[in-house]
Amino acid sequence: MKVLCVAEKNSIALSVARILGGGNVKTRSSTYKYVKNYDFTFDFKDGNGRSNVTMTAVSGHLYSHDFPSQYKSWDTITASKLFEAQIYEKATSDSAKIIQNIIKEAASSLKLMIWTDCDREGEYIGYEIVQSVQRKYPSFSIENTLRAQFSHLEKSHIVRAALNPTKLDKNAVAAVGTRMELDLRTGAIFTRFLTTSYQRNFTDLKAEKRIISYGSCQFPTLGFVVDRYKRVRSFIKEPFWYLDLIIKKGRIQYGFKWSRGHIFDRVYVTALLENCLAFSDKAIVSSIVKKPKINYKPFPLTTVELQKKCSNFFKFSAKDTLSAAESLYTKGFISYPRTETDSFPKKMDLKEFIEKQTQDAKWGSYAKSLLEDHKFCQPRNGKNNDEAHPPIHPVNYLSLSANLNAKEKTIYEYVVRHFLACCSDDGKGDSTTITLKWGTETFTANSIVVRELNYLEVYNYSKWVSTTKMLPELELNEEVPIFKCDIKDGFTAPPSYLTETELISLMDANGIGTDATIAEHIEKIKTREYISEKKVGTIKRLVPSELGMGLVQGFESIDFNNNISLSKPFLRKNLEIELKNICSGTKTKEQVLREMIQLYKEAFQLTTQNCDTLIKVYKDIQSENK
DNA sequence: GCAAGGTC
């Protein structure tokens with residue numbers, strides 16, 4: 001009885017094989033360079049004793065979806081035909097080699113067991129694996145295929161998964177199928193329509209063969225950039241006024257902040273000041289509050305957080321960060337870099353990874369102090385878990401001989417310092433707040449004294465320092481002479497253009513893309529020239545191009561019936577809700593597809609009817625800027 | 001020549 005196990009990627013196949021094989025694993029090469037076959041024996045406790053097992057892997061999805069060749073022509077096929085056109089699955093040239101390997105291994109196997117990641121896409125990839133085997137050997141089916149349920153690679157957990165297999169989740173498969181079909185149809189239809197319409201009306205776009213693409217993630221991403229840009233442009237500054245109190249203790253002057261902040265009414269501020277002046281020429285110390293101030297260490301590192309931090313601290317684009325992290329992963333220096341999980345599994349031995357860092361010249365002694373001086377603290381637990389991968393952490397020490405580029409070295413150092421910070425204690429300090437009461441008004445002054453840096457010693461990207469100016473020595477209920485109190489003024493400051501970090505946060509919060517694809521969507525709207533980077537000071541900010549503005553403004557000027565807004569995150573969020581409904585069984589794939597396609601059909605009809613408006617909006621934007 | 005999702 002031979003069992004064929006198939007994981008989503010080679011690294012998982014290897015880890016699982018090592019655990020189940022118990023150190024007795026034979027490795028064979030496959031027809032695809034990134035996949036290996038691992039042979040071992042394992043007792044599944046299914047009455048068959050020790051079974052022969054081959055553990056292999058795919059490399060993500062096996063098939064991509066496309067329209068048949070008769071729909072290829074953009075000129076002779078009306079775009080809206082693609083709402084109904086048949087869709088077929090095609091294997092890419094790489095997946096053909098992977099499928100070949102699986103089929104070869106399946107030939108001598110009686111059972112198939114799926115070990116893909118336990119998320120929605122993983123479930124679908126499992127389905128693709130079954131399909132590819134079943135096409136050659138019809139005795140294999142969804143029904144008789146086993147599914148291992150695992151959320152991390154801890155030994156006893158993996159063994160339990162092997163002994164308690166379930167079935168593939170058909171609802172999850174249907175949900176992914178829905179997303180694929182909808183994204184392909186709407187993407188192709190709107191892209192063909194926009195490209196041909198814009199090229200027909202703008203000779204430069206035609207000459208450059210520019211593609212004006214629509215995608216359910218591209219447009220909301222562009223929408224965020226345009227939204228902020230418009231808010232900056234339409235900002236009108238407003239004047240405000242506030243009280244600035246200065247007291248004198250001994251020979252030194254101390255400024256106190258007005259607890260009302262600022263007020264947009266000068267007359268009112270003046271009246272308040274006059275009230276106070278009439279009341280007394282002294283203020284009273286109404287409270288002195290001393291309390292500990294904690295500077296919390298970061299949560300364990302997710303992909304999105306890594307991208308945000310690298311954009312902030314090193315000005316790396318999200319895409320560059322991810323590809324450098326991938327390179328570090330394949331070279332074995334860091335853990336899998338695509339993860340949403342921000343808490344470490346309870347049983348994971350973190351000290352083993354700290355130990356490996358003790359040899360470093362820069363942070364080695366800090367790592368040593370965590371272990372030897374018992375300064376180690378269990379990392380904080382975040383609320384997110386993708387049930388597939390632990391947070392990003394260093395796996396092996398980066399030897400100096402490792403052939404890495406500067407970007408990879410910087411990111412490796414960040415991953416290490418972030419990890420060591422997670423295993424440290426929080427920063428600790430004391431905060432003192434003195435409150436003065438003067439007539440009807442209150443004023444405060446605050447100081448912070450840093451006592452222990454702890455994690456900040458190794459996480460040297462952000463500074464935490466004590467307040468430089470000491471607070472005056474005052475006692476509770478002490479009467480303090482007012483030295484002076486002025487009315488000062490200022491203006492509200494405009495928001496700034498979006499940074500890539502902020503864009504990533506917005507996409508993450510609105511469910512636009514996944515940790516693995518957010519960077520790609522941003523990159524895509526850059527290559528489409530919908531947005532560009534603009535350096536403001538030392539910070540890179542994102543601004544829309546005239547074309548990007550034209551697209552969003554154009555769609556916004558069309559009056560869609562059902563409040564459909566193609567450039568807003570609403571539609572995508574709604575799809576996500578529907579996909580969850582399919583997963584939970586409250587809706588079927590057919591039902592959701594029917595409803596969503598109907599929605600997009602109406603939107604497309606309105607778009608084609610208002611094509612002139614789209615073109616005019618872009619033309620107007622161009623002439624405004626001339 | 002179109003999308004978004006996996007992975008290397």
From C-beta outward on A:His61, which listed nucleotide comes closest to its side chain: B:dA3, B:dC8, B:dG5? B:dG5
Just call it for A:Gly122: base, sugar-phosphate, or nothing, with non-hydrogen atoms closer than 4.0 Å on any strand. nothing
Atom-to-atom span, CG of A:Leu182 to P of B:dA3 - whole angstrom: 15 Å
Audit row: A:Met507, A:Thr221, side chain to side chain contact (heavy atoms under 4.5 Å, CB included) steps and yes/no: CA-CA 7 Å; A:Met507 294 172 74; A:Thr221 306; 3.3 Å; yes
Would A:Lys407 and A:Tyr412 count as a cation-pi pair here, with the cationic atom under 6.0 angstrom from the ring centre and within 45° of the axis? no
Side chain of A:Tyr336 - closest among B:dT7, B:dA3, B:dG5: B:dT7
Check whether A:Phe40 forms a cation-pi arrangement with A:Arg28 (NZ or CZ under 6.0 Å from the six-membered ring centre, at most 45° off the ring normal). no
Output the rounded distance in Å from OH (A:Tyr88) to P (B:dA3). 16 Å
Any residue of residues 4-20 of chain A with a heavy atom less than 4.0 Å from an atom of DNA chain B: A:Glu8, A:Lys9
Closest approach to the side chain of A:Asp66, judged atom by atom: which nucleotide of B:dG6, B:dA4, B:dC2 is it? B:dC2
Among B:dC8, B:dT7, B:dA4, the one nearest A:Cys217 by side-chain distance: B:dA4
Would you find a donor on one side and an acceptor on the other, under 3.5 Å apart, between the side chain of A:Thr195 and the backbone of A:Thr191? yes
Between B:dA3, B:dC2, B:dG1, which nucleotide gets closest to the side-chain atoms of A:Asp75? B:dG1
When you get a sec, tell me which of B:dC8, B:dG1, B:dG5 is the closest nucleotide to the side chain of A:Tyr329? B:dC8
Using a heavy-atom cut-off of 4.0 Å across all strands, would you classify A:Asp117 as base, sugar-phosphate, or nothing? sugar-phosphate
Of the candidate nucleotides B:dA4, B:dC2, B:dC8, which contains the atom at the shortest distance from the side chain of A:Phe67? B:dC2
